Participant: 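Okay, handing you the structure first.
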There are 2 protein chains.
Amino acid sequence: MKISELSRVSGVPLPTVKYYLREGLLPAGRPLGRNQADYHEAHLRRLRLIRALIDVGGLSVAGVRQVLGAVDDDVVPGHHLLGTAHEAIAGVSRADRSTAGWLAARAEAARVVAARGWRVHERAHALDQLADAIAALRELGQEDMLTLLDGYAEATERLARQEVGLVLARGDRAGMVEGVVTGTVLGEAMLTALRRLAQEHTSATMAP
Amino acid sequence: MKISELSRVSGVPLPTVKYYLREGLLPAGRPLGRNQADYHEAHLRRLRLIRALIDVGGLSVAGVRQVLGAVDDDVVPGHHLLGTAHEAIAGVSRADRSTAGWLAARAEAARVVAARGWRVHERAHALDQLADAIAALRELGQEDMLTLLDGYAEATERLARQEVGLVLARGDRAGMVEGVVTGTVLGEAMLTALRRLAQEHTSATMAP
DNA sequence: GTCTCTGGATAGCATCACTATCCACTATCT
DNA sequence: AGATAGTGGATAGTGATGCTATCCAGAGAC
(Lines give C-alpha, C1' and ligand atoms only; values in the text may rest on other atoms or scores of the structure.)
Protein backbone atom coordinates (compact mmCIF):
# COMPACT_ATOMS: atom_id res chain seq x y z
CA MET A 1 0.00 0.00 0.00
CA LYS A 2 1.41 3.34 -1.00
CA ILE A 3 1.13 6.33 1.24
CA SER A 4 -1.48 7.93 -0.96
CA GLU A 5 -3.63 4.85 -0.66
CA LEU A 6 -3.19 4.80 3.10
CA SER A 7 -4.41 8.38 3.13
CA ARG A 8 -7.35 7.64 0.87
CA VAL A 9 -8.54 4.54 2.69
CA SER A 10 -8.25 6.09 6.14
CA GLY A 11 -9.67 9.44 5.16
CA VAL A 12 -6.74 11.21 6.76
CA PRO A 13 -5.27 13.94 4.50
CA LEU A 14 -1.90 13.01 3.08
CA PRO A 15 -0.02 15.95 4.62
CA THR A 16 -1.41 14.89 7.96
CA VAL A 17 -0.22 11.33 7.49
CA LYS A 18 3.22 12.72 6.76
CA TYR A 19 2.93 14.85 9.87
CA TYR A 20 2.16 11.81 12.02
CA LEU A 21 5.13 10.02 10.50
CA ARG A 22 7.33 12.97 11.34
CA GLU A 23 6.00 13.10 14.87
CA GLY A 24 6.67 9.42 15.34
CA LEU A 25 3.04 8.44 15.91
CA LEU A 26 3.04 6.24 12.85
CA PRO A 27 5.98 3.95 12.14
CA ALA A 28 7.67 4.34 8.76
CA GLY A 29 6.72 1.93 6.00
CA ARG A 30 9.05 -0.70 4.64
CA PRO A 31 11.30 1.16 2.19
CA LEU A 32 11.18 -0.09 -1.38
CA GLY A 33 13.64 2.36 -2.80
CA ARG A 34 15.01 5.77 -2.03
CA ASN A 35 11.63 7.36 -2.38
CA GLN A 36 9.03 4.69 -2.00
CA ALA A 37 7.75 2.73 0.92
CA ASP A 38 5.17 0.09 1.57
CA TYR A 39 2.46 0.37 4.21
CA HIS A 40 0.08 -2.34 5.20
CA GLU A 41 -2.81 -3.29 7.39
CA ALA A 42 -0.98 -2.58 10.63
CA HIS A 43 -0.32 0.98 9.57
CA LEU A 44 -3.94 1.52 8.70
CA ARG A 45 -4.97 0.11 12.04
CA ARG A 46 -2.53 2.31 13.89
CA LEU A 47 -3.65 5.34 11.97
CA ARG A 48 -7.25 4.68 12.93
CA LEU A 49 -6.24 4.31 16.56
CA ILE A 50 -4.41 7.63 16.41
CA ARG A 51 -7.45 9.38 15.02
CA ALA A 52 -9.76 7.84 17.58
CA LEU A 53 -7.52 8.96 20.42
CA ILE A 54 -7.30 12.48 19.02
CA ASP A 55 -10.80 12.97 17.67
CA VAL A 56 -12.91 11.10 20.19
CA GLY A 57 -10.64 10.94 23.20
CA GLY A 58 -9.42 14.50 22.81
CA LEU A 59 -5.80 13.55 23.40
CA SER A 60 -3.01 15.82 22.24
CA VAL A 61 -0.43 14.59 19.77
CA ALA A 62 2.07 14.42 22.60
CA GLY A 63 -0.37 12.36 24.64
CA VAL A 64 -0.90 9.95 21.77
CA ARG A 65 2.84 9.55 21.37
CA GLN A 66 3.14 8.73 25.05
CA VAL A 67 0.37 6.13 24.92
CA LEU A 68 1.64 4.50 21.75
CA GLY A 69 5.14 4.41 23.16
CA ALA A 70 3.84 2.32 26.05
CA VAL A 71 1.73 0.18 23.72
CA ASP A 72 4.75 -0.65 21.61
CA ASP A 73 7.00 -1.31 24.55
CA ASP A 74 6.72 -5.00 25.29
CA VAL A 75 8.39 -4.50 28.62
CA VAL A 76 5.69 -2.25 30.05
CA PRO A 77 3.45 -4.44 32.19
CA GLY A 78 -0.30 -4.26 31.76
CA HIS A 79 -1.24 -2.27 34.83
CA HIS A 80 1.51 0.21 34.11
CA LEU A 81 -0.01 0.79 30.70
CA LEU A 82 -3.22 1.84 32.38
CA GLY A 83 -1.37 4.51 34.31
CA THR A 84 0.27 5.75 31.13
CA ALA A 85 -3.08 6.00 29.40
CA HIS A 86 -4.46 7.91 32.36
CA GLU A 87 -1.59 10.33 32.35
CA ALA A 88 -1.79 10.94 28.64
CA ILE A 89 -5.51 11.50 28.78
CA ALA A 90 -5.15 13.95 31.62
CA GLY A 91 -3.28 16.70 29.86
CA VAL A 92 -1.86 19.58 31.85
CA SER A 93 -3.83 20.88 34.77
CA ARG A 94 -4.13 24.61 34.90
CA ALA A 95 -5.28 24.68 38.49
CA ASP A 96 -3.15 26.12 41.26
CA ARG A 97 -2.05 23.19 43.37
CA SER A 98 -0.19 25.01 46.10
CA THR A 99 -2.92 26.75 48.07
CA ALA A 100 -4.04 25.57 51.47
CA GLY A 101 -7.47 24.87 50.06
CA TRP A 102 -6.10 22.59 47.42
CA LEU A 103 -3.93 20.66 49.84
CA ALA A 104 -6.93 20.10 52.08
CA ALA A 105 -8.92 18.92 49.06
CA ARG A 106 -6.11 16.62 48.10
CA ALA A 107 -6.16 15.08 51.57
CA GLU A 108 -9.92 14.68 51.29
CA ALA A 109 -9.51 12.92 47.94
CA ALA A 110 -7.09 10.49 49.50
CA ARG A 111 -9.56 9.93 52.32
CA VAL A 112 -12.44 9.14 49.98
CA VAL A 113 -10.33 6.60 48.16
CA ALA A 114 -9.03 5.06 51.36
CA ALA A 115 -12.54 4.80 52.78
CA ARG A 116 -13.50 2.67 49.81
CA GLY A 117 -10.54 0.44 50.42
CA TRP A 118 -9.08 1.26 47.05
CA ARG A 119 -5.41 0.70 46.80
CA VAL A 120 -4.02 3.17 44.31
CA HIS A 121 -0.65 4.73 43.76
CA GLU A 122 -0.15 7.50 46.30
CA ARG A 123 0.79 9.92 43.55
CA ALA A 124 -1.81 8.91 41.02
CA HIS A 125 -2.59 11.76 38.72
CA ALA A 126 -6.30 11.12 39.12
CA LEU A 127 -6.05 11.96 42.83
CA ASP A 128 -4.85 15.41 41.89
CA GLN A 129 -7.68 15.82 39.42
CA LEU A 130 -10.19 14.77 42.02
CA ALA A 131 -8.64 17.30 44.40
CA ASP A 132 -8.95 20.00 41.72
CA ALA A 133 -12.68 19.41 41.54
CA ILE A 134 -13.19 19.20 45.29
CA ALA A 135 -11.21 22.38 45.88
CA ALA A 136 -13.20 24.20 43.21
CA LEU A 137 -16.53 23.11 44.69
CA ARG A 138 -15.49 24.28 48.13
CA GLU A 139 -14.27 27.62 46.81
CA LEU A 140 -17.59 28.12 45.08
CA GLY A 141 -19.53 27.25 48.20
CA GLN A 142 -21.10 24.19 46.63
CA GLU A 143 -20.03 21.68 49.20
CA ASP A 144 -23.37 19.89 49.03
CA MET A 145 -22.20 18.50 45.71
CA LEU A 146 -19.62 16.52 47.61
CA THR A 147 -22.37 14.26 48.89
CA LEU A 148 -22.42 12.83 45.36
CA LEU A 149 -18.90 11.50 45.74
CA ASP A 150 -20.04 8.29 47.37
CA GLY A 151 -22.44 7.50 44.57
CA TYR A 152 -19.77 8.21 41.98
CA ALA A 153 -17.30 5.98 43.76
CA GLU A 154 -19.74 3.12 44.03
CA ALA A 155 -20.79 3.38 40.40
CA THR A 156 -17.26 3.60 39.05
CA GLU A 157 -16.18 0.67 41.17
CA ARG A 158 -18.87 -1.51 39.67
CA LEU A 159 -18.08 -0.31 36.16
CA ALA A 160 -14.38 -0.84 36.62
CA ARG A 161 -14.99 -4.49 37.48
CA GLN A 162 -16.86 -4.94 34.21
CA GLU A 163 -14.25 -3.04 32.23
CA VAL A 164 -11.25 -4.81 33.64
CA GLY A 165 -12.99 -8.17 33.38
CA LEU A 166 -13.73 -7.55 29.73
CA VAL A 167 -10.15 -6.67 28.91
CA LEU A 168 -8.72 -9.56 30.87
CA ALA A 169 -11.05 -11.91 29.02
CA ARG A 170 -9.07 -11.31 25.89
CA GLY A 171 -6.45 -13.95 25.85
CA ASP A 172 -3.60 -12.28 24.04
CA ARG A 173 -1.42 -9.52 25.33
CA ALA A 174 -1.73 -7.42 22.17
CA GLY A 175 -5.50 -7.46 22.45
CA MET A 176 -5.36 -6.54 26.11
CA VAL A 177 -3.02 -3.67 25.48
CA GLU A 178 -5.21 -2.15 22.80
CA GLY A 179 -8.22 -2.87 24.98
CA VAL A 180 -6.79 -0.92 27.85
CA VAL A 181 -6.12 2.09 25.68
CA THR A 182 -9.42 2.15 23.84
CA GLY A 183 -11.34 1.15 26.92
CA THR A 184 -9.86 3.94 28.94
CA VAL A 185 -10.20 6.65 26.35
CA LEU A 186 -13.29 5.68 24.38
CA GLY A 187 -15.01 4.25 27.43
CA GLU A 188 -14.69 7.61 29.08
CA ALA A 189 -16.21 9.28 26.04
CA MET A 190 -19.16 6.89 26.12
CA LEU A 191 -19.65 7.31 29.83
CA THR A 192 -19.70 11.10 29.76
CA ALA A 193 -22.00 11.18 26.74
CA LEU A 194 -24.43 8.84 28.48
CA ARG A 195 -24.21 10.87 31.66
CA ARG A 196 -25.31 13.95 29.77
CA LEU A 197 -28.17 12.13 28.15
CA ALA A 198 -29.27 10.68 31.47
CA GLN A 199 -29.18 14.13 33.01
CA GLU A 200 -31.27 15.57 30.24
CA HIS A 201 -33.86 12.84 30.55
CA THR A 202 -33.95 12.96 34.31
CA SER A 203 -34.15 16.72 34.60
CA ALA A 204 -36.98 16.75 32.06
CA THR A 205 -38.96 14.19 33.99
CA MET A 206 -38.18 15.36 37.53
CA ALA A 207 -38.39 19.10 36.99
CA PRO A 208 -41.60 20.78 38.13
CA MET B 1 -12.54 46.56 45.82
CA LYS B 2 -10.09 47.76 43.23
CA ILE B 3 -9.14 45.62 40.29
CA SER B 4 -5.71 44.96 41.71
CA GLU B 5 -7.26 43.66 44.90
CA LEU B 6 -9.62 41.45 42.91
CA SER B 7 -6.60 40.03 41.17
CA ARG B 8 -4.68 39.52 44.39
CA VAL B 9 -7.51 37.88 46.31
CA SER B 10 -8.48 35.55 43.48
CA GLY B 11 -4.94 34.71 42.47
CA VAL B 12 -5.71 35.51 38.85
CA PRO B 13 -3.04 37.72 37.24
CA LEU B 14 -4.20 41.26 36.63
CA PRO B 15 -3.69 41.17 32.84
CA THR B 16 -5.84 38.06 32.78
CA VAL B 17 -8.59 39.76 34.74
CA LYS B 18 -8.51 42.56 32.20
CA TYR B 19 -8.66 39.95 29.45
CA TYR B 20 -11.76 38.37 30.96
CA LEU B 21 -13.35 41.81 31.21
CA ARG B 22 -12.57 42.44 27.55
CA GLU B 23 -13.98 39.07 26.58
CA GLY B 24 -17.17 39.76 28.49
CA LEU B 25 -16.78 36.88 30.93
CA LEU B 26 -16.59 39.23 33.86
CA PRO B 27 -18.99 42.18 34.08
CA ALA B 28 -17.43 45.62 34.44
CA GLY B 29 -17.22 47.11 37.90
CA ARG B 30 -19.21 50.12 39.00
CA PRO B 31 -17.33 53.12 37.60
CA LEU B 32 -16.12 55.60 40.20
CA GLY B 33 -14.47 58.00 37.82
CA ARG B 34 -13.02 58.03 34.37
CA ASN B 35 -10.38 55.54 35.30
CA GLN B 36 -11.50 53.76 38.40
CA ALA B 37 -14.11 51.17 39.11
CA ASP B 38 -15.37 49.27 42.07
CA TYR B 39 -15.64 45.47 42.18
CA HIS B 40 -17.25 43.46 44.91
CA GLU B 41 -18.05 40.01 46.17
CA ALA B 42 -20.13 39.05 43.14
CA HIS B 43 -17.20 39.74 40.83
CA LEU B 44 -14.91 37.61 42.95
CA ARG B 45 -17.42 34.82 42.93
CA ARG B 46 -17.86 35.04 39.18
CA LEU B 47 -14.13 35.08 38.65
CA ARG B 48 -13.77 31.91 40.70
CA LEU B 49 -16.50 30.26 38.67
CA ILE B 50 -14.73 31.22 35.44
CA ARG B 51 -11.48 29.72 36.64
CA ALA B 52 -13.16 26.53 37.80
CA LEU B 53 -14.85 26.07 34.44
CA ILE B 54 -11.59 26.68 32.58
CA ASP B 55 -9.10 24.98 34.87
CA VAL B 56 -11.07 22.02 36.15
CA GLY B 57 -13.79 21.66 33.55
CA GLY B 58 -11.47 22.32 30.64
CA LEU B 59 -13.89 24.69 28.96
CA SER B 60 -12.70 27.18 26.38
CA VAL B 61 -13.17 30.88 26.92
CA ALA B 62 -15.92 30.83 24.29
CA GLY B 63 -17.60 27.96 26.12
CA VAL B 64 -17.49 29.85 29.39
CA ARG B 65 -19.00 32.89 27.74
CA GLN B 66 -21.82 30.74 26.41
CA VAL B 67 -22.54 29.19 29.79
CA LEU B 68 -22.39 32.47 31.66
CA GLY B 69 -24.65 34.07 29.10
CA ALA B 70 -27.29 31.47 29.89
CA VAL B 71 -26.66 31.80 33.62
CA ASP B 72 -27.25 35.54 33.47
CA ASP B 73 -30.29 35.28 31.25
CA ASP B 74 -33.26 35.10 33.58
CA VAL B 75 -35.47 34.00 30.72
CA VAL B 76 -33.59 30.76 30.05
CA PRO B 77 -35.49 27.97 31.81
CA GLY B 78 -33.65 25.52 33.99
CA HIS B 79 -33.59 22.51 31.73
CA HIS B 80 -32.48 24.64 28.81
CA LEU B 81 -29.53 25.74 30.89
CA LEU B 82 -28.45 22.14 31.20
CA GLY B 83 -28.36 21.83 27.42
CA THR B 84 -26.30 24.98 27.17
CA ALA B 85 -23.83 23.68 29.71
CA HIS B 86 -23.57 20.42 27.80
CA GLU B 87 -22.94 22.17 24.53
CA ALA B 88 -20.32 24.43 25.99
CA ILE B 89 -18.53 21.57 27.65
CA ALA B 90 -18.50 19.58 24.45
CA GLY B 91 -16.23 21.72 22.35
CA VAL B 92 -15.85 21.02 18.67
CA SER B 93 -15.75 17.45 17.53
CA ARG B 94 -13.00 16.62 15.11
CA ALA B 95 -14.53 13.35 14.02
CA ASP B 96 -15.89 12.82 10.55
CA ARG B 97 -19.65 12.59 10.90
CA SER B 98 -20.60 11.85 7.33
CA THR B 99 -19.39 8.31 6.77
CA ALA B 100 -21.75 5.36 6.60
CA GLY B 101 -20.13 3.92 9.70
CA TRP B 102 -20.81 7.02 11.69
CA LEU B 103 -24.43 7.23 10.61
CA ALA B 104 -24.94 3.62 11.65
CA ALA B 105 -23.31 4.39 15.00
CA ARG B 106 -25.53 7.39 15.39
CA ALA B 107 -28.60 5.23 14.84
CA GLU B 108 -27.26 2.77 17.37
CA ALA B 109 -26.81 5.55 19.90
CA ALA B 110 -30.39 6.60 19.42
CA ARG B 111 -31.45 2.99 19.87
CA VAL B 112 -29.58 2.58 23.15
CA VAL B 113 -31.20 5.69 24.52
CA ALA B 114 -34.65 4.70 23.31
CA ALA B 115 -34.29 1.24 24.80
CA ARG B 116 -33.79 2.84 28.19
CA GLY B 117 -36.89 4.88 27.72
CA TRP B 118 -34.94 8.09 27.94
CA ARG B 119 -36.63 11.00 26.34
CA VAL B 120 -33.96 13.33 25.07
CA HIS B 121 -33.82 15.93 22.36
CA GLU B 122 -33.44 14.20 19.01
CA ARG B 123 -30.48 16.40 18.15
CA ALA B 124 -28.77 16.36 21.51
CA HIS B 125 -25.08 16.95 21.13
CA ALA B 126 -24.34 14.07 23.45
CA LEU B 127 -25.95 11.63 20.99
CA ASP B 128 -23.37 12.65 18.43
CA GLN B 129 -20.57 12.20 20.93
CA LEU B 130 -21.83 8.79 21.82
CA ALA B 131 -21.94 7.95 18.14
CA ASP B 132 -18.36 9.16 17.75
CA ALA B 133 -17.22 6.67 20.35
CA ILE B 134 -19.32 3.79 19.01
CA ALA B 135 -18.11 4.38 15.47
CA ALA B 136 -14.50 4.48 16.63
CA LEU B 137 -14.83 1.23 18.56
CA ARG B 138 -16.33 -0.51 15.55
CA GLU B 139 -13.64 0.81 13.24
CA LEU B 140 -11.01 -0.51 15.60
CA GLY B 141 -12.67 -3.90 15.82
CA GLN B 142 -13.36 -3.54 19.53
CA GLU B 143 -17.07 -4.15 19.39
CA ASP B 144 -16.96 -6.21 22.57
CA MET B 145 -16.54 -2.92 24.41
CA LEU B 146 -20.06 -2.06 23.37
CA THR B 147 -21.36 -4.59 25.85
CA LEU B 148 -20.38 -2.05 28.51
CA LEU B 149 -22.95 0.43 27.23
CA ASP B 150 -25.75 -1.06 29.27
CA GLY B 151 -23.80 -0.80 32.47
CA TYR B 152 -22.85 2.78 31.71
CA ALA B 153 -26.44 3.68 30.97
CA GLU B 154 -27.73 2.13 34.15
CA ALA B 155 -25.07 3.77 36.28
CA THR B 156 -25.52 7.21 34.77
CA GLU B 157 -29.27 6.99 35.14
CA ARG B 158 -28.96 6.33 38.84
CA LEU B 159 -26.39 9.09 39.25
CA ALA B 160 -28.48 11.55 37.29
CA ARG B 161 -31.36 11.03 39.70
CA GLN B 162 -29.12 11.93 42.61
CA GLU B 163 -27.62 14.90 40.79
CA VAL B 164 -30.88 16.37 39.62
CA GLY B 165 -32.48 15.75 42.99
CA LEU B 166 -29.69 17.58 44.72
CA VAL B 167 -29.95 20.61 42.49
CA LEU B 168 -33.74 20.73 42.70
CA ALA B 169 -33.48 20.58 46.48
CA ARG B 170 -32.04 24.05 46.45
CA GLY B 171 -34.95 26.36 46.80
CA ASP B 172 -33.80 29.42 44.93
CA ARG B 173 -33.39 29.77 41.23
CA ALA B 174 -29.95 31.38 41.47
CA GLY B 175 -28.66 28.44 43.48
CA MET B 176 -30.14 25.98 41.04
CA VAL B 177 -28.61 27.71 38.07
CA GLU B 178 -25.14 27.69 39.55
CA GLY B 179 -25.73 24.16 40.72
CA VAL B 180 -26.51 22.99 37.22
CA VAL B 181 -23.36 24.51 35.84
CA THR B 182 -20.99 23.36 38.53
CA GLY B 183 -22.71 20.02 38.84
CA THR B 184 -22.41 19.36 35.16
CA VAL B 185 -18.84 20.46 34.75
CA LEU B 186 -17.22 19.69 38.07
CA GLY B 187 -19.31 16.58 38.57
CA GLU B 188 -17.93 15.24 35.33
CA ALA B 189 -14.41 15.96 36.51
CA MET B 190 -15.05 14.09 39.76
CA LEU B 191 -16.65 11.17 38.00
CA THR B 192 -13.84 10.67 35.51
CA ALA B 193 -11.18 11.01 38.18
CA LEU B 194 -12.91 8.41 40.33
CA ARG B 195 -13.33 6.13 37.32
CA ARG B 196 -9.60 6.18 36.76
CA LEU B 197 -8.89 5.45 40.39
CA ALA B 198 -11.40 2.63 40.42
CA GLN B 199 -9.80 1.18 37.31
CA GLU B 200 -6.38 1.34 38.84
CA HIS B 201 -7.54 -0.37 42.01
CA THR B 202 -9.54 -3.01 40.19
CA SER B 203 -6.89 -3.86 37.65
CA ALA B 204 -4.33 -4.20 40.42
CA THR B 205 -6.52 -6.59 42.38
CA MET B 206 -7.96 -8.56 39.46
CA ALA B 207 -4.86 -8.89 37.31
CA PRO B 208 -3.03 -12.22 37.43
C1' DG C 1 9.52 10.76 -22.50
C1' DT C 2 6.28 12.85 -20.14
C1' DC C 3 3.54 12.98 -16.16
C1' DT C 4 2.47 11.59 -11.63
C1' DC C 5 3.83 10.25 -7.30
C1' DT C 6 7.28 9.54 -3.49
C1' DG C 7 9.94 10.57 0.86
C1' DG C 8 12.09 14.22 3.07
C1' DA C 9 12.62 18.88 4.47
C1' DT C 10 11.20 23.47 5.51
C1' DA C 11 8.07 27.03 6.03
C1' DG C 12 3.58 28.91 6.74
C1' DC C 13 -1.01 29.37 8.93
C1' DA C 14 -4.98 29.73 12.10
C1' DT C 15 -6.54 29.39 16.66
C1' DC C 16 -6.23 30.04 21.41
C1' DA C 17 -5.33 31.93 25.92
C1' DC C 18 -3.00 34.77 27.58
C1' DT C 19 0.81 38.56 28.49
C1' DA C 20 3.13 42.90 27.73
C1' DT C 21 3.34 47.59 26.76
C1' DC C 22 1.77 52.03 26.26
C1' DC C 23 -1.17 55.90 27.26
C1' DA C 24 -3.34 59.82 29.59
C1' DC C 25 -5.11 60.34 33.71
C1' DT C 26 -6.20 60.04 38.85
C1' DA C 27 -5.84 58.50 43.68
C1' DT C 28 -2.99 58.33 47.37
C1' DC C 29 0.86 59.01 50.22
C1' DT C 30 4.10 62.19 52.41
C1' DA D 1 2.10 70.18 46.39
C1' DG D 2 4.69 66.87 44.29
C1' DA D 3 6.14 62.13 43.68
C1' DT D 4 4.47 57.60 43.06
C1' DA D 5 1.57 53.96 42.13
C1' DG D 6 -2.50 52.44 40.15
C1' DT D 7 -6.45 52.75 36.63
C1' DG D 8 -9.28 51.73 32.39
C1' DG D 9 -8.67 51.27 27.69
C1' DA D 10 -6.29 50.03 23.57
C1' DT D 11 -3.12 47.51 20.78
C1' DA D 12 0.35 44.38 19.91
C1' DG D 13 3.13 40.41 20.91
C1' DT D 14 3.89 35.48 22.53
C1' DG D 15 4.18 30.49 22.73
C1' DA D 16 1.96 26.29 22.03
C1' DT D 17 -0.56 23.34 18.98
C1' DG D 18 -2.09 20.86 14.96
C1' DC D 19 -2.02 20.88 10.92
C1' DT D 20 -1.17 22.61 5.54
C1' DA D 21 1.52 24.09 1.75
C1' DT D 22 5.37 24.17 -1.00
C1' DC D 23 9.51 22.66 -2.81
C1' DC D 24 12.79 19.23 -4.27
C1' DA D 25 15.35 15.49 -6.62
C1' DG D 26 14.48 11.16 -7.85
C1' DA D 27 11.58 6.99 -9.19
C1' DG D 28 7.51 4.57 -11.41
C1' DA D 29 3.74 4.12 -14.58
C1' DC D 30 1.75 4.69 -19.20
Side-chain angles (χ1 to χ4, degrees), chain A residues 1-40 43 47 50-68 88-96, chain B residues 1-40 43 47 50-68 88-96:
Chain A
M1 197 191 300
K2 290 182 290 188
I3 195 174
S4 55
E5 198 181 343
L6 183 63
S7 158
R8 198 157 15 80
V9 173
S10 66
V12 178
L14 201 144
T16 306
V17 176
K18 284 184 165 188
Y19 169 66
Y20 292 156
L21 283 165
R22 274 204 305 281
E23 293 296 315
L25 304 190
L26 197 60
R30 189 168 51 90
L32 295 177
R34 188 157 295 285
N35 67 346
Q36 208 101 77
D38 185 44
Y39 301 87
H40 30 313
H43 291 93
L47 189 50
I50 293 169
R51 290 304 273 212
L53 295 179
I54 290 177
D55 292 343
V56 183
L59 266 69
S60 67
V61 167
V64 173
R65 183 164 39 227
Q66 203 175 319
V67 170
L68 295 181
I89 213 182
V92 212
S93 165
R94 323 182 26 52
D96 183 354
Chain B
M1 197 192 297
K2 290 182 290 185
I3 195 174
S4 56
E5 198 181 343
L6 184 62
S7 158
R8 197 157 16 80
V9 173
S10 65
V12 178
L14 200 144
T16 306
V17 176
K18 282 184 166 188
Y19 169 65
Y20 292 156
L21 283 165
R22 274 202 307 281
E23 292 295 314
L25 303 189
L26 197 60
R30 190 168 53 90
L32 295 176
R34 189 157 294 285
N35 68 344
Q36 208 99 78
D38 185 44
Y39 301 87
H40 33 313
H43 290 94
L47 190 50
I50 293 169
R51 291 303 274 211
L53 294 178
I54 290 178
D55 292 343
V56 183
L59 266 67
S60 67
V61 166
V64 173
R65 182 165 41 227
Q66 204 175 318
V67 170
L68 294 182
I89 213 181
V92 212
S93 165
R94 326 188 14 57
D96 182 354

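These figures come from a predicted structure and were not determined experimentally.
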Participant: Out of curiosity, Leu6(A) CG to Leu47(A) CG, how far, rounded to the nearest 0.5 Å?
Facilitator: 5.5 Å
Participant: Using a heavy-atom cut-off of 4.0 Å across all strands, would you classify Ala37(B) as base, sugar-phosphate, or nothing?
Facilitator: sugar-phosphate
Participant: Let me know the distance between OH of Tyr19(A) and C1' of dT22(D), rounded to the nearest Å.
Facilitator: 18 Å
Participant: How long is the span from the NZ atom in Lys2(A) to the CG atom in Leu14(A), to the nearest 0.5 Å?
Facilitator: 11.5 Å
Participant: How many angstroms lie between CG in Asp55(A) and CG in Asp96(B), if you round to the nearest 0.5 Å?
Facilitator: 9.0 Å
Participant: Could you give the CG-to-P distance, from Asp55(A) to dG18(D), as a whole number of Å?
Facilitator: 12 Å
Participant: Between CD1 of Ile3(A) and CG of Asp38(A), what distance do you get to the nearest 0.5 Å?
Facilitator: 11.5 Å
Participant: CE of Met1(A) versus P of dC5(C): gap in Å, rounded?
Facilitator: 17 Å
Participant: Are the side chains of Arg30(B) and Leu32(B) in contact, using a 4.5 Å heavy-atom criterion?
Facilitator: yes
Participant: Rounding to an integer number of Å, can you tell me how far Lys18(A) NZ sits from dC23(D) P?
Facilitator: 13 Å
Participant: Please report the distance, rounded to the nearest Å, between CG in Leu21(A) and C1' in dC19(D).
Facilitator: 14 Å
Participant: Start at the 5' end of DNA chain C and walk down; is the nucleotide closest to Thr16(B) or to Ile3(A) reached first?
Facilitator: Ile3(A)
Participant: Rounding to a whole Å, what distance do you find between Glu23(A):CD and dT10(C):P?
Facilitator: 14 Å
Participant: Which one, dA21(D), dC18(C), dT7(D), comes nearest to the side chain of Pro15(A)?
Facilitator: dA21(D)
Participant: Please give me the minimum heavy-atom distance between Ala88(B) and Gly63(B), naming the atom from each residue.
Facilitator: CB-O, 3.4 Å
Participant: I need the CD-C1' distance between Glu5(A) and dA29(D), as an integer number of Å.
Facilitator: 15 Å
Participant: Asp38(A) CG to dT6(C) C1': how many Å, rounded?
Facilitator: 13 Å
Participant: Closest to the Tyr39(B) side chain: dG18(D), dG8(D), dT7(D)?
Facilitator: dG8(D)
Participant: Please collect all side chain to side chain donor-acceptor pair (under 3.5 Å) contacts where either partner lies in residues 4-21 of chain A, sequence neighbours excluded, each pair once.
Facilitator: Tyr20(A)-Arg51(A)
Participant: With the sugar-phosphate defined as primed atoms, P, OP1 and OP2, and the base as all remaining atoms, what B/S/- string results for nucleotides 23-30 of chain C, 5' to 3', for protein heavy atoms under 4.0 Å?
Facilitator: --BSS---
Participant: Between dG6(D), dA12(D), dG8(C), which nucleotide gets closest to the side-chain atoms of Ser4(B)?
Facilitator: dG6(D)
Participant: If an axis is fit to five pairs at each end of the helix from dG1(C)-dC30(D) to dT30(C)-dA1(D), what is the angle between the two, to the nearest 10°?
Facilitator: 0°
Participant: Is there a donor N/O on one and an acceptor N/O on the other, under 3.5 Å, for the side chain of Arg94(B) and the base of dT15(C)?
Facilitator: no
Participant: Indicate yes or no: at least one non-hydrogen side-chain atom of Leu21(B) is less than 4.5 angstrom from one of Tyr39(B).
Facilitator: yes
